[in-house]
Amino acid sequence: MFSIPGKQAVKMTDTAARQIARLMAKDGHKGLRIGVKKGGCAGMEYTMDYVDEVDPMDEVVEQEGARVMIAPMAQMFLFGTEIDYEVSLLESGFRFRNPNVTEECGCGESIKFDESLGAPE
């Protein structure tokens, strides 16, 4: 929907691609669907769900055996995002570096987008 020919909607670091490929292989999922929803202290939150069927309206990004699908209503909010997977002493998880975000809460779990993008339902 919001793609630019020759440019992927999101990028994955090598670490994120390996982790997503591991998760896909573990339970035989087709990939991970990422999106955004209302919630959190800054107003929006990222979502990630296992996918067993690819929706034809999803934007599909494949890299090194990993597959990420972007829900249609989230595509304009996630375009240009880099997905990383980080491991620390206290936690591990996916991190989103999103150029469309204007504010984040202190914990980094909740985000706010430029109001010109509108708010997803």
Side-chain angles (χ1 to χ4, degrees):
M1 289 181 106
F2 292 94
S3 62
I4 295 174
K7 182 171 175 148
Q8 290 187 328
V10 299
K11 293 188 286 187
M12 294 175 259
T13 64
D14 292 340
T15 307
R18 283 192 299 272
Q19 181 64 17
I20 291 168
R22 272 195 290 268
L23 291 170
M24 289 170 56
K26 180 180 174 188
D27 294 318
H29 298 292
K30 301 269 188 197
L32 291 176
R33 179 174 290 120
I34 60 174
V36 292
K37 69 176 185 174
K38 291 183 181 182
C41 52
M44 303 294 293
E45 299 175 313
Y46 292 109
T47 62
M48 290 188 88
D49 298 297
Y50 289 112
V51 175
D52 293 321
E53 293 298 324
V54 179
D55 184 318
M57 297 301 291
D58 286 347
E59 178 77 21
V60 179
V61 177
E62 295 182 282
Q63 180 181 320
E64 300 178 34
R67 183 179 300 117
V68 170
M69 282 72 87
I70 306 169
M73 59 69 82
Q75 291 173 10
M76 69 181 184
F77 296 100
L78 297 174
F79 192 81
T81 298
E82 179 185 67
I83 303 169
D84 194 9
Y85 187 78
E86 298 176 352
V87 178
S88 72
L89 287 173
L90 298 176
E91 64 182 358
S92 62
F94 290 99
R95 301 286 179 254
F96 294 83
R97 292 183 190 94
N98 187 336
N100 305 305
V101 169
T102 59
E103 293 180 35
E104 289 183 327
C105 69
C107 66
E109 298 290 321
S110 181
I111 52 178
K112 183 176 182 181
F113 294 102
D114 185 322
E115 292 185 17
S116 68
L117 293 175
E121 298 302 315

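Side chains are part of it too, since the values below use all heavy atoms of this structure and drop only hydrogens, waters and symmetry mates.
Taken together through direct or relayed side-chain contacts under 4.5 Å among Ile, Leu, Val, Met, Phe, Trp and Tyr, Tyr85 and Leu32 form part of one hydrophobic cluster.
Residues Leu78 and Val36 share a closest heavy-atom pair of CD2-CG1, 4.2 Å. Closest approach of Phe77 and Asn100 over heavy atoms only: O-ND2, 3.0 Å. When all heavy atoms of Ala9 and Glu59 are compared, the pair lying nearest together is CB-CG, 3.8 Å. Between Ala66 and Ala21 the shortest heavy-atom distance is CB-N, 4.0 Å. The shortest heavy-atom contact between Asp58 and Gln75 is C-NE2, 3.9 Å. In terms of heavy-atom proximity, Gly31 sits nearest to Met69 at CA-CE, 4.0 Å.
Using a 4.5 Å heavy-atom cutoff, the side chains of Val10 and Phe79 are not in contact. Counting heavy atoms from C-beta outward, Val60 and Glu62 have side chains that approach closer than 4.5 Å.
With rounding to the nearest 0.5 angstrom, the CD1 atom of Ile34 is 4.0 Å from the CD1 atom of Ile83. The line from CG of Asp84 to CZ of Phe96 is 10.5 Å long, rounded to the nearest 0.5 Å. Atom-to-atom distance recorded for Thr13:OG1 and Glu64:CD is 9.0 Å, nearest 0.5 angstrom. For the atom pair Met73 CE and Lys37 NZ, the distance stands at 11.0 Å (nearest 0.5 Å).
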Going by atom type alone, with no hydrogens or angles, which donor-acceptor pairs under 3.5 Å involve a side-chain atom of residues 47-54 and a protein atom two or more places apart or on another chain?
{"residue": "Thr47", "atom": "OG1", "partner": "Gly35", "partner atom": "N", "Å": "3.3"}
{"residue": "Thr47", "atom": "OG1", "partner": "Gly35", "partner atom": "O", "Å": "3.4"}
{"residue": "Asp52", "atom": "OD1", "partner": "His29", "partner atom": "ND1", "Å": "2.8"}

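The salt bridge (Lys or Arg N to Asp or Glu O under 4.0 Å) test with Glu82 is passed by exactly one of Arg97, Arg95, Lys11: Arg97.
The backbone N or O of Ala71 lies less than 3.5 Å from no partner atom in the side chain of Asp55, so there is not a single donor-acceptor pair. Using modelled atom types, one side-chain atom of Gln63 and one backbone atom of Met12 make a donor-acceptor pair closer than 3.5 Å.
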